[in-house]
Amino acid sequence: MTVNNKRVFYVKYLAHEIYVDILKARADVRLDRLENDSPDTVAAPILSAAHAYQVGAARDEIAKHFHVDQDLLRRAPNLLIVSSNGAGFDPVDVDACTAAGVLVVNQTGGNANSVAEHALGMMLTLSKRILESDRALRREANVNRNSLIGNEVQGKTVGIVGIGNVGRRIAELCKGLLHMKVIAYDPYLSAEEIAARGGEKVELRDLMQRSDFVSISCPLTKDNRRMIGAREFALMQPHAFFVTTARGFIHDEEALYDALRDKRIAGAGLDVWDKEPPPPQHPLLQFDNVLASPHTAGVTREARINMGKIAAEQILDALDGKRPPRIVNPEVWPDYAKRFERTFGFAPK
């Protein structure tokens, strides 16, 4: 077996150190680590030789010059595979990768339960007004509990935007545990497929109008940027809550601020932001009925181990010539396969 003939690198972050342990067990794989501020004299040779890049899933975690765009692809001419640490792939220009014959994979499903639990926790906290009660007790004497009456979620309707791995788990928890009605908007799935995942297929307009809770769990793409804006918030019921554990830029933060300021919706649970983490003075953080977290929905010990493990296994399978199970740009496969064969001397399966 040739030693270190397969080159993998990452910048600053991995989901979990188990990734390193798994790759280091392979004598034919070399793993390099770069920092955001690594000088070009260090970074350039690593990028030039790399076959795979294990990239952070959050756009603000790594420096812009390590985002996967045309410039990085030019500096990494041997790159075959870009593997996101998570389900999202914000720092990756998928179209540029496809044009360059580079396969993009993610770890979708690896943290689905953690994210779904977080979304459900936000729904319960908002509906029962736990956050508002906590804040009132910390700054007021003789709090009147009757001014903090909440609602049960049982029997209410949750509208899930994107019923993939995370959305499906949200549906399971809401329907099975709390006997909620599940409706879902997902243009990529049929009514039958959505029904099999526990929901009723609806259009986005209907979902915004009918839901007591709107939960966003789709990846950010070029097609759904600002998908939830002023028009969509205006469709929501005054008692309804907006919850997102997906990605910033899918919803319009200014439009959400306006809806909350004018009391057109009851509150929001926000795990993702245009800028992460948001500054303490962010306008949305000034509302007592906004429950906020810094993109931590999928950050649990269990999820991190699982994500690191499946990321390592998927990258090794790909480098061994197997077809990965979580391909973001499957249309690139013919070009990728040719480049892979030129590099390693055999065609991937």
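We use all heavy atoms of the structure for the numbers below, so side chains are in, but hydrogens, waters and symmetry mates are not. In what follows, residues are counted from 1 in the order of the sequence shown. Small disclaimer: the values here were computed from a predicted structure and weren't measured.
The shortest side-chain heavy-atom distance between V299 and R304 falls under the 4.5 Å cut-off. V55 has its side chain out of reach of F66: every pair of non-hydrogen atoms, C-beta onward, lies at least 4.5 Å apart. In this structure, the side chains of V272 and L220 stay at 4.5 Å or more apart for every pair of heavy atoms. In this structure, L73 and V68 have side chains that are in contact, with non-hydrogen atoms separated by less than 4.5 Å. Looking at heavy atoms from C-beta onward, D134 lies in side-chain contact with R138 at the 4.5 angstrom threshold. The shortest side-chain heavy-atom distance between K181 and E200 falls under the 4.5 Å cut-off. In this structure, the side chains of F9 and R33 stay at 4.5 Å or more apart for every pair of heavy atoms. Taking 4.5 Å as the limit, every side-chain heavy atom of D186 sits out of range of all side-chain heavy atoms of C218.
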Identify every side-chain donor-acceptor pair in residues 328-337 under 3.5 Å, counting partners at least two apart or on other chains, and give the distances.
from : atom 1 : to   : atom 2 : distance (Å)
N329 : OD1    : V104 : N      : 2.9
N329 : ND2    : T98  : OG1    : 3.0
N329 : ND2    : V102 : O      : 3.0

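Both L256 and L204 belong to a single network of hydrophobic side chains, linked directly or stepwise wherever heavy atoms of I, L, V, M, F, W or Y lie under 4.5 Å apart. Residues I315 and V29 share a hydrophobic cluster, clusters being chains of Ile/Leu/Val/Met/Phe/Trp/Tyr side chains in contact below 4.5 Å. Hydrophobic clustering of Ile, Leu, Val, Met, Phe, Trp and Tyr side chains at less than 4.5 Å, counting indirect connections, keeps Y13 apart from Y53. Both I250 and F242 are part of a single hydrophobic cluster, where members link through side-chain heavy atoms under 4.5 Å apart. I130 and F241 are assigned to two separate hydrophobic clusters, defined by single-linkage of ILVMFWY side chains at heavy-atom distances under 4.5 Å.
M307 approaches A87 most closely through the heavy-atom pair CE-N, 3.9 Å. Here the closest heavy-atom approach between residue V143 and residue A136 is recorded as CG2-O, 3.6 Å. Counting all heavy atoms, side chain and backbone alike, P91 lies closest to I62 at CB-CD1, 4.1 Å. Summarising the geometry of F340 relative to A318, their closest heavy-atom pair is CE1-O, 3.3 Å, with the distance given to 0.1 Å. Shortest non-hydrogen contact noted between A57 and G88 is CB-O, 3.6 Å. Of all heavy-atom pairs spanning A116 and R169, the tightest one is CB-CG, 3.4 Å.
When atom types are taken as modelled, the side chain of D212 and the backbone of T157 share a donor-acceptor pair closer than 3.5 angstrom. With hydrogens and angles ignored, the 3.5 Å screen pairs a side-chain donor or acceptor of R339 with a backbone N or O of L79. Using a distance-only test at 3.5 Å, with no hydrogens or angles considered, a donor-acceptor pair links the side chain of S217 to the main chain of G162. Distance alone, capped at 3.5 Å, is enough to place a donor-acceptor pair between the T300 side chain and the A303 backbone. A donor-acceptor pair is defined here as one N or O able to donate and one able to accept, closer than 3.5 Å; such a pair exists between the side chain of K201 and the backbone of L189. A side-chain donor-acceptor contact under 3.5 Å links E232 to the backbone of G229. Checking side-chain atoms of S147 against main-chain N and O of N144 turns up a donor-acceptor pair under 3.5 Å. Checked by atom type and distance alone, the side chain of R326 pairs as donor or acceptor with a backbone atom of T108 at under 3.5 Å. One N or O on the side chain of D274 and one on the backbone of F249 form a donor-acceptor pair closer than 3.5 Å. A donor-acceptor contact shorter than 3.5 Å links the side chain of N36 to the backbone of E61.
A salt bridge links K6 and D320; the closest N-O separation between the charged side-chain nitrogens and carboxylate oxygens is under 4.0 Å. A salt bridge does not link E132 with R135: none of the charged nitrogens is closer than 4.0 Å to a carboxylate oxygen.
One distance of note links CG of N289 with OG1 of T125; it measures 13.0 Å at 0.5 Å rounding. Taking CD of E254 as the start and CG of D258 as the end, the distance is 7.5 Å to the nearest 0.5 Å. In this structure, D317 CG and I310 CD1 are separated by 11.5 Å, a value rounded to the nearest 0.5 Å. Atom CD of residue E341 and atom CZ of residue F346 lie 9.5 Å apart, to the nearest 0.5 angstrom. Here the CD-OH distance, from E313 to Y19, works out to 11.5 Å after rounding to the nearest 0.5 Å. Rounded to the nearest 0.5 angstrom, L126 CG and N151 CG are separated by 11.5 Å.
Ring orientation note: the planes of Y257 and F287 are tilted relative to one another, at an angle of 30° to 60°. Under the 30°/60° scheme for interplanar angles, the aromatic rings of H282 and W273 are found to stand perpendicular.
By the side chain to side chain contact (heavy atoms under 4.5 Å, CB included) test, R75 pairs with L47, H65, D71, L72, sequence neighbours left out.
When the options V243, N111, D271 are evaluated for a side-chain contact (heavy atoms from CB on, under 4.5 Å) with H118, the one that passes is D271. Across R247, K222, K64, R225, a single residue satisfies salt bridge (charged side-chain N to carboxylate O under 4.0 Å, His left out) together with D90, and that is R247.
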Self-check item: Audit row: I228, I216, side-chain contact (heavy atoms from CB on, under 4.5 Å) steps and yes/no
Solution: CA-CA 9 Å; I228 309 297; I216 311 298; 4.1 Å; yes
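Neither side chain, N85 nor Q107, offers a donor N or O lying under 3.5 Å from an acceptor on the other.
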